[in-house]
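Throughout, residue positions are numbered sequentially from 1 according to the sequence presented.
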Amino acid sequence: KTYILLKDIDNAIECFEKTIQLRKDYLGAYIRLARLYAFKNKTAEALEAFNNAFKYDSNPKEKVEYKINIIKLLMRVDRFKESATHIADGLALDPNNLQLLFFSAHLNNKLGKHDLAVKDMLKATPLITSQDPRDFARFYYELGLGYYKLGKYAEAQQAFTKANFGPYKIKIFEMTHIYFQHLATSYFKVYELEESKKMAEQAIKIKPDFSPAHEMLVNISKTTLDQTAVIKQQK
């Protein structure tokens with residue numbers, strides 16, 4: 001601890017390592033080692049120390065914090081997909097922990113388990129008390145993304161109205177009918193008709209009564225001389 005005060009991190013780490021050699025369950029040493037290793041960007045060592053702190057601490061609240069720190073470390077080194085067991089361990093201790101529910105939804109969306117992501121966020125969003133979008137936007141984004149991937153576009157847009165903030169704005173825009181219509185138009189201009197058709201059809205899935213996308217399909221059909229499809233779209 002004196003070495004920490006002197007900002008001599010390497011010697012502090014060496015001393016804490018000697019501490020746990022003498023006593024394997026010395027909780028304070030593991031906590032400080034975890035933080036020092038994280039500061040030194042030694043992820044593997046920091047993860048091991050946090051795991052040992054979780055093992056030897058009997059305080060449920062502190063155990064949850066160790067798991068949250070582990071998950072954040074995994075996110076920092078682009079290993080977030082390894083966090084499933086840590087999320088489960090944390091939620092077993094605190095089922096209504098907003099941060100863990102967010103991590104769970106984020107992971108489920110990444111793994112393609114969108115129904116589980118929606119379930120996580122439907123549990124989390126009623127627990128949010130903050131009125132600041134900086135606090136709640138990420139929850140509604142994960143909810144909207146889950147609905148979007150499930151093809152529930154109306155529910156997705158409703159969630160996105162509360163998530164349309166900061167870094168999420170561009171991500172949300174890329175899931176709107178307007179965005180896909182722009183893509184359809186761009187592909188049409190360079191005669192990539194199949195791609196244009198896919199984009200227009202996606203715009204219609206999101207907003208079935210979106211006339212410009214229907215008109216785009218008419219133009220594509222005219223270009224390919226498919227008059228049956230022209231009649232259908234004109235109707």
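Under a hydrophobic-cluster definition in which Ile, Leu, Val, Met, Phe, Trp and Tyr are linked whenever side-chain heavy atoms come within less than 4.5 Å, directly or via other members, L145 and F80 are assigned to different clusters. Hydrophobic clustering of Ile, Leu, Val, Met, Phe, Trp and Tyr side chains at less than 4.5 Å, counting indirect connections, unites F54 with M75. Cluster annotation: I20 is connected to Y56 through the hydrophobic network of ILVMFWY side chains, with a link wherever side-chain heavy atoms come within less than 4.5 Å. When the side chains of ILVMFWY residues are joined at heavy-atom separations under 4.5 Å, either directly or via intervening members, V118 and F160 end up in two distinct hydrophobic clusters. Linking Ile, Leu, Val, Met, Phe, Trp and Tyr whenever their side-chain heavy atoms come within less than 4.5 Å puts Y147 and L111 in one cluster.
The shortest side-chain heavy-atom distance between I68 and N97 falls under the 4.5 Å cut-off. Between T125 and F136 the shortest side-chain heavy-atom distance does not fall below 4.5 Å. Inter-residue side-chain proximity for K67 and I70 is flagged as met; some heavy-atom pair is nearer than 4.5 Å. Proximity of K119 to N108: side-chain heavy atoms (C-beta onward) are nowhere separated by under 4.5 Å. Using a 4.5 Å cut-off on side-chain heavy atoms (C-beta onward), F180 and L183 make contact. Looking only at side-chain heavy atoms (C-beta outward), V64 and Q99 stay at 4.5 Å or farther from each other. For the pair L193 and F188, the minimum side-chain heavy-atom distance is below 4.5 Å. The shortest distance between side-chain heavy atoms of H177 and I204 does not fall below 4.5 Å.
Enclosure of atom CD in E48 is not indicated, since only 12 or fewer non-hydrogen atoms of other residues, nucleotides or ligands lie within 6.0 angstrom. No more than 12 heavy atoms of other residues, nucleotides or ligands shown are found within 6.0 angstrom of CG on D78. The local environment of NZ in K63 is crowded, with over 12 non-hydrogen atoms from other residues, nucleotides or ligands closer than 6.0 Å. Within a 6.0 Å sphere centred on OH of Y3, other residues, nucleotides and ligands contribute 12 heavy atoms or fewer.
Taking all atoms of both residues into account, the shortest heavy-atom contact from H86 to E82 is CD2-O, 3.9 Å. Shortest non-hydrogen contact noted between A46 and A34 is CB-O, 3.6 Å. Minimum heavy-atom separation, A124 to L98: O-CD2, 3.4 Å. A156 approaches G144 most closely through the heavy-atom pair CB-O, 3.4 Å. Contact between A117 and A105 at its shortest, heavy atoms only, is CB-O, 3.5 Å. Across all non-hydrogen atoms, the minimal contact from N109 to G146 is OD1-CA, 3.5 Å.
Taken from NZ in K189 to OG in S196, the straight-line distance is 11.0 Å, to the nearest 0.5 Å. One finds the CZ atom of F103 at 10.5 Å from the CG atom of L91 (value rounded to the nearest 0.5 Å). Here E14 contributes atom CD and N11 contributes atom CG; the two are 5.5 Å apart, rounded to the nearest 0.5 Å. Expressed to the nearest 0.5 Å, how far CD of E65 lies from CZ of F50 amounts to 9.5 Å. Interatomic distance, OG of S104 versus CG of L100, reported as 8.5 Å (0.5 Å rounding). The CD1 atom of I206 lies 4.5 Å from the CD atom of Q202; values are rounded to the nearest 0.5 Å.
Each of L47, T43, N69 was compared with L74 under the side-chain contact (heavy atoms from CB on, under 4.5 Å) criterion, and only L47 meets it.
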Item to check | Step-by-step side chain to side chain contact (heavy atoms under 4.5 Å, CB included) determination, K123 to N96 | outcome: CA-CA 8 Å; K123 183 176 181 179; N96 293 325; 3.2 Å; yes

Checklist entry - Can you list the steps and then say if D120 with H106 is a side chain to side chain contact (heavy atoms under 4.5 Å, CB included)? => result CA-CA 9 Å; D120 289 328; H106 187 54; over 6 Å; no

Item to check | Worked check of salt bridge (charged side-chain N to carboxylate O under 4.0 Å, His left out) between E174 and K171 | outcome: CA-CA 5 Å; E174 291 175 356; K171 293 180 179 180; over 6 Å; no

Checklist entry - Can you list the steps and then say if K205 with E201 is a salt bridge (charged side-chain N to carboxylate O under 4.0 Å, His left out)? => result CA-CA 6 Å; K205 284 180 182 177; E201 287 173 343; over 6 Å; no

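Partners of F173 by ring pair (Phe, Tyr, Trp, His ring centres under 6.0 Å), not counting sequence neighbours, listed by chain and number: Y179.
The side chain to side chain donor-acceptor pair (under 3.5 Å) pairs that include a residue from residues 24-40 are D10-K40, E17-Y37, R23-D25, where partners are two or more places apart or lie in different chains.
Put simply, the side chain of K149 never gets that close to the backbone of G112: no donor and acceptor are under 3.5 Å apart. Not a single donor-acceptor pair under 3.5 Å links the side chain of T176 to the backbone N or O of I172. A donor-acceptor contact shorter than 3.5 Å is absent between the side chain of H214 and the backbone of A200.
Centroid-to-centroid, the aromatic rings of Y153 and Y148 come within less than 6.0 Å.
A salt bridge does not link D115 with K113: every distance from a Lys NZ or Arg NE/NH1/NH2 to an Asp or Glu carboxylate oxygen is 4.0 Å or more.
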